[in-house]
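Accompanying notes for the structure given below.
Atoms within a ligand are numbered from 1 in the order they appear, just like the ligands themselves. Keep in mind that the numbers below use all heavy atoms, side chains included, and drop hydrogens, waters and symmetry copies. Values in this document were obtained by computation on a predicted structure and should not be read as measured data.
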Amino acid sequence: MKLSVGLALLGVLFSLNGGFAVPVAIAADSPPMDDADKEKIRQIVKDAIREYVAAQHVVPDKGGANGILADIRLANRNFVRTHGPGYFKPFLDSQHPRATVITCSDSRVHTHALDATPDGDLFMVRNIGNQMSTAEGSVEYGVHHLHTPLLLIVGHSACGAIKAAAGDYSQESAPIRRELDTLQVPKGDPGMNSIKLNVNYQVGAARAKFEREVSDGQLTVVGAIYDFSNEMRQGQGKLNIINVNGETDATKIAALDLMKEAPVRKPIAARHRPASRKAKVEADATPESTDEPTKPKH
Ligand SMILES: [Zn+2]
């Protein structure tokens, strides 16, 4: 099947009913799907298209700004349809993220790989090369004002910024050169070794900046690699923790309490919603909820 034909057939699924059409054969024998189910299927089809295009070894046609913005507006319409006012209620007045995360701007690296419910959980700082120095104010805001107990620095496999920094980037523009100058990687070594070196370097920079918070136990700085190409042979897409407060020995890291499995917490929206009237009365009678830390509003 030619690429254009394949995409045209798959594209039929997106054409009607606010951008999504249910195949007639399925719709005739099945109960009507709600918006959340439609969104799930839309995502599956989107993933299938991505895999199909990747299998053809061609660079996909980006479709121009109009097409991309149309897709974004459609995705947002579906988001609005599937998220009621209750979902946003916990976010209206303040935020209480659980971690400040520095990661690369790379489009292949996103929060859903780290957190199934990132809304309200992760204070995200992104730049090329997942670095401290070009986003110091943002990182400081997360640690000092939002009081996140975890600062997570995430590098990733096949990082273009590391590759560029390890080579000759003298022909780049001044702003790009400035952001590559702050990456400390050896010339001629553009791969995983430099990606790890950079994460360790950034953890060191963070520990130096937040020395008091780390020594007081208020902050833990963790360095990790999101390995979507499985270069580290730990599983494709695995988040490999390589540095905890400067400790880089894998055996010692594995033995830390930090690495033990913890109970899964509910998404923040669910945490704010009492399960029943009785639960609400009990929650109201409790002077301090232990579920949600008390933090200043911002
Ligand atoms: Zn990158």
Side-chain angles (χ1 to χ4, degrees), residues 47 50-51 53-54 57 59-60 62 68 72 97 99-116 118 121-143 148 150-207 209 221-244 246 248:
D47 289 344
R50 190 182 293 128
E51 277 183 36
V53 170
H57 302 292
V59 175
K62 294 183 180 178
I68 299 165
I72 288 173
T100 299
V101 181
I102 308 173
T103 189
C104 189
S105 303
D106 194 297
S107 66
R108 299 163 294 182
V109 181
H110 278 289
T111 51
H112 60 187
L114 322 175
D115 186 340
D121 266 0
L122 304 182
F123 185 72
M124 298 299 298
V125 179
R126 303 191 65 156
N127 53 44
I128 55 170
N130 40 272
Q131 48 183 315
M132 281 283 296
S133 60
T134 58
E136 200 173 332
S138 300
V139 179
E140 198 173 307
Y141 192 88
V143 173
T148 61
L150 176 66
L151 171 57
L152 177 63
I153 299 171
V154 182
H156 67 95
S157 40
C159 182
I162 298 299
K163 189 177 174 189
D168 174 14
Y169 55 87
S170 58
Q171 300 306 308
E172 293 289 351
S173 69
I176 292 178
R177 283 203 313 272
R178 266 200 301 279
E179 294 206 18
L180 294 175
D181 283 344
T182 47
L183 292 169
Q184 306 283 321
V185 292
K187 293 289 180 193
D189 187 359
M192 185 54 78
N193 182 52
S194 288
I195 290 163
K196 288 180 182 174
L197 280 176
N198 176 51
V199 166
N200 288 331
Y201 176 77
Q202 303 303 336
V203 170
R207 286 175 65 218
K209 181 174 177 60
V221 183
V222 171
I225 308 286
Y226 170 55
D227 187 11
F228 58 72
S229 60
N230 201 19
E231 283 179 61
M232 296 168 74
R233 299 288 177 262
Q234 300 299 310
Q236 196 156 19
K238 177 99 188 290
L239 185 73
N240 296 306
I241 309 293
I242 63 164
N243 192 322
V244 176
T248 56

Expected output: side-chain [X] to main-chain [Y] donor-acceptor under 3.5 Å:
{"X": "Asn198", "Y": "Gly129", "result": "yes"}
{"X": "Thr100", "Y": "Thr148", "result": "no"}
{"X": "Glu172", "Y": "Arg177", "result": "no"}
{"X": "Lys238", "Y": "Phe228", "result": "no"}

Which of the protein's N, O or S atoms come within less than 2.8 Å of the Zn ion (ligand 1), not counting waters?
Cys104 SG, His156 NE2, Cys159 SG

Identified side-chain contact (heavy atoms from CB on, under 4.5 Å) counterpart of Val221 within the set Val143, Ile153, Leu150:
Ile153

Between Thr182 and Gln131: side-chain donor-acceptor atoms closer than 3.5 Å:
yes

